[in-house]
Asks: 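Could you have a look at this structure, given as structure tokens, before my questions?
We number each residue from 1, following the sequence as shown. This one's a predicted model, so the numbers in the text were calculated from it and none came from an experiment. Numbering of ligands and ligand atoms starts at 1, following listing order.
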Amino acid sequence: MQKIVIRGGARLRGEVRVSGSKNAALPILASSLLAVGRSIYRNVPPLGDVRTMGRLLGKLGAELSSSPGGAGVTVVDTSHITELEAPYDLVKTMRASVVVLGPLVARYGQARVSLPGGCAIGARPIDQHLKGLQAMGARIELANGYVTARARRLRGASILFDVVTVTGTENLMMAGALARGRTTLENAAREPEVEELARVLNKMGAKIRGAGTPLITIEGVDELHPIEHTIIPDRIEAGTLLVAAAITRGNVLVRDCLPEHLDAVLSKLRATGTDVTAEADGIRVRGRGELEPADISTQPFPGFPTDMQAQFMVLMTRATGQSVLSETIFENRYMHVPELQRMGADIAVEGRTAIVRGPSRLTGATVMATDLRASACLVLAGLIAHGTTEIRRIYHLDRGYDRLDRKLRLLGAHVRRAQGGP
Ligand code: EPU
């Protein structure tokens, strides 16, 4: 198994480009199932999760080809869909596989998808996805760990989400696009990835209004067609790189990111005293020697993203004073805390609140990645720790970051990949 080895202390300098968004790419690739033919997607990030989605689409009968060398062009041909099942082995590797459910039922009248079950960060049920499909006339059966949904043709419905769910909103938006009549989604997720998916669906011929607001209205159409599309940049990768620059007292221009997707992150960075400026082609961060503490509560967009919580915790260990973090989205997203504590961080967790007291002098250690954002947080901690940090199980990192170690190395970090360790 591969590991990442970091010698801390380097101040990051230079420019770095943000790759395409993972959480936009996954539902967009799934949306190709709504049409018959060849869709061409650009800026598709070369990531573990994207490859898993490719395997899943391939299993359903789609033909995929990607440009060599990570150029980011992926062609998906859905002319011969032969299977309507997302099997356990793939869904277990990636929960987001569930986003094929809506498109398959809407286009083919049936889907069988393994229930994702819990994961490292929480229980993560899909009851809201199922409730919505049921309201649209699908018959839902749960048996043998699978959910089967059937409907000759879905019909429009008024759906009020009990909780704000990103992939739930995406699944039902895709289902509604081919349903008969009007679907309204209330209390919908407003994440930029939802808006991006609506843009893609509308290009395909769908009639969706209001994406990016809590009320989405979809007029169902009979048919959608394949498209060409360039995927938006990854706001979480951008945020992670910005924090890397801030904590290393670096001076980095993060290029090709969209500042309007990063308001909450930028405002918290500024609150810590970090110098953040928008430039023509990106965001520049100049890190300061002394940082102020900041309190953060994770919220659905436009609030502070849960996917940046672990990375900010590292920043808080460098601030002088007490910072309070509240994780309101997932119930078990502090798995990185014991590893940060082993590196010398002063963090107390009570329920969903973490109190970070700083500044702490982190020291290098061998640590274990437990999930995607936790691994990014450990990489960041390694950048500022005294001595050498070895991060094991980095397949979690590679699921969602496009060669983060390489990007950091190009900015001057002493980071390398090596074989070994469990
Ligand atoms: N929830 C329910 N019922 C549902 C759906 C969700 O109770 O039917 C709960 C969840 O358990 C959670 C909350 O609602 O407590 C929000 O979950 P959501 O459904 O929004 O999460 P998701 O769609 O499964 C996406 C991202 C995550 C990101 C969350 C929150 C993708 C592929 N994944 O997950 O990304 O953390 O939204 O913003 O878009 C990551 O990239 O590291 C990652 C985990």
Asks: Who's closest to atom 25 (C) of ligand 1 heavy-atom-wise, of Asp307, Val166, Val194?
Replies: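 Closest candidate by heavy-atom distance is Val166.
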Asks: Distance alone, cut at 3.5 Å: any donor-acceptor contact between the side chains of Gln299 and Ser297?
Replies: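 Side chains of Gln299 and Ser297: pair found under 3.5 Å.
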Asks: Can you list the atoms of ligand 1 that are under 4.0 Å from a heavy atom of His129?
Replies: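 Checking each atom against His129, I get 8 (O).
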Asks: Within 45° of the six-membered ring axis of Tyr146 and under 6.0 Å from that ring's centre, is NZ or CZ of Arg112 located there?
Replies: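 The answer is yes; both the distance and angle limits are met.
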Asks: For Glu279, is there an ion pair with Arg255 - N to carboxylate O distance below 4.0 angstrom?
Replies: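 Glu279 and Arg255: not salt-bridged.
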Asks: Does some non-hydrogen atom of Asp49 fall short of 4.0 Å from ligand 1?
Replies: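 Judged by the 4.0 Å heavy-atom criterion, Asp49 does not count as contacting ligand 1.
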Asks: Does the side chain of Thr298 pick up a donor-acceptor pair with the side chain of Gln309 at under 3.5 Å?
Replies: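 No, no side-chain donor-acceptor contact under 3.5 Å.
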Asks: Hey, is Arg333 one of the residues with a heavy atom under 4.0 angstrom from ligand 1?
Replies: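 It does, in that a heavy atom of Arg333 comes within the 4.0 Å cut-off of ligand 1.
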Asks: Taking atom types as modelled, is there a side-chain donor on Gln311 or Thr240 under 3.5 Å from an acceptor on the other?
Replies: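 Judged by distance alone, the side chains do pair up.
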Asks: Which of the atoms of ligand 1 are close to Ile126, meaning less than 4.0 Å from one of its heavy atoms?
Replies: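 Checking each atom against Ile126, I get 4 (C), 8 (O).
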Asks: Need the ligand 1 atom indices (1-based, order shown) with element for anything under 4.0 Å from a heavy-atom of Ala96.
Replies: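 Numbered from 1, ligand 1 contributes 32 (C).
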Asks: Would you mind finding which of Glu327, Gln128, Glu331 brings a heavy atom closest to atom 8 (O) of ligand 1?
Replies: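 Looking at heavy atoms only, the winner is Gln128.
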Asks: Assess Lys131 for proximity to ligand 1: is some non-hydrogen atom of it under 4.0 Å away?
Replies: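 No, Lys131 has no heavy atoms under 4.0 Å from ligand 1.
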Asks: Can you list the atoms of ligand 1 that are under 4.0 Å from a heavy atom of Val163?
Replies: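 Taking each heavy atom of Val163 in turn, ligand 1 has 1 (N), 2 (C), 7 (O), 14 (O) under 4.0 Å.
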Asks: Give a yes-or-no answer on whether the side chains of Lys3 and Thr366 include a donor-acceptor pair shorter than 3.5 Å.
Replies: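 The criterion, which ignores hydrogens and geometry beyond distance, is not satisfied for Thr366 and Lys3.
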Asks: Side chain, backbone, both or neither: which part of Ile329 has a heavy atom under 4.0 Å from ligand 1?
Replies: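 Under 4.0 Å from ligand 1, Ile329 contributes backbone and side-chain atoms.
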Asks: Does any donor atom in the side chain of His229 or Glu196 lie under 3.5 Å from an acceptor atom in the other side chain?
Replies: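 Side-chain D/A pair, His229 to Glu196: present.
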Asks: Strictly under 4.0 Å, does any heavy atom of Arg95 approach an atom of ligand 1?
Replies: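 Within the 4.0 Å threshold, so yes.
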Asks: Which atoms from ligand 1 have a heavy atom of Thr306 less than 4.0 Å away?
Replies: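 Every atom of ligand 1 under 4.0 Å from some heavy atom of Thr306: 30 (C), 36 (O), 38 (O).
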Asks: Does ligand 1 have any atom that is closer than 4.0 Å to a heavy atom of Gly400?
Replies: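 Gly400 does not count as a contact of ligand 1 under the 4.0 Å cut-off.
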Asks: I want to know if ligand 1 touches Gly168 in the polar sense, i.e. an N/O pair below 3.5 angstrom.
Replies: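 Looking only at distances, the answer is no, because the N/O contact criterion of under 3.5 Å is not met.
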Asks: What I want to know is whether Leu26 and ligand 1 share at least one N or O pair that is separated by under 3.5 angstrom.
Replies: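 It does not: no N or O of Leu26 is found under 3.5 Å from an N or O of ligand 1.
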Asks: State whether Asp49 and Lys22 are salt-bridged, where the test is any N-O pair (Lys NZ or Arg NE/NH1/NH2 against Asp/Glu carboxylate O) under 4.0 Å.
Replies: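 Result for this pair is yes, salt bridge flagged.
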Asks: Do ligand 1 and Lys22 have nitrogen or oxygen atoms that lie under 3.5 Å from each other?
Replies: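 Yes - when backbone and side-chain N and O of Lys22 are compared with those of ligand 1, one distance drops under 3.5 Å.
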Asks: So, regarding Leu372 and ligand 1 (criterion: nitrogen or oxygen to nitrogen or oxygen, under 3.5 Å), is there a contact or not?
Replies: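 No: no nitrogen or oxygen of Leu372 is under 3.5 Å from one in ligand 1.
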Asks: Regarding Arg333 and Thr306, do their side chains bring together a donor and an acceptor under 3.5 Å, going by distance alone?
Replies: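 The answer is yes; a qualifying pair exists.
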Asks: Thinking salt bridges, do Arg392 and Glu390 make one under a 4.0 Å N-O criterion?
Replies: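 Looking at Arg392 and Glu390, the cut-off is met.
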Asks: Whether the His396 and Asp371 side chains hold a donor-acceptor pair (N or O, under 3.5 Å, no angle test) is what I'd like checked.
Replies: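 The answer is no; no qualifying pair exists.
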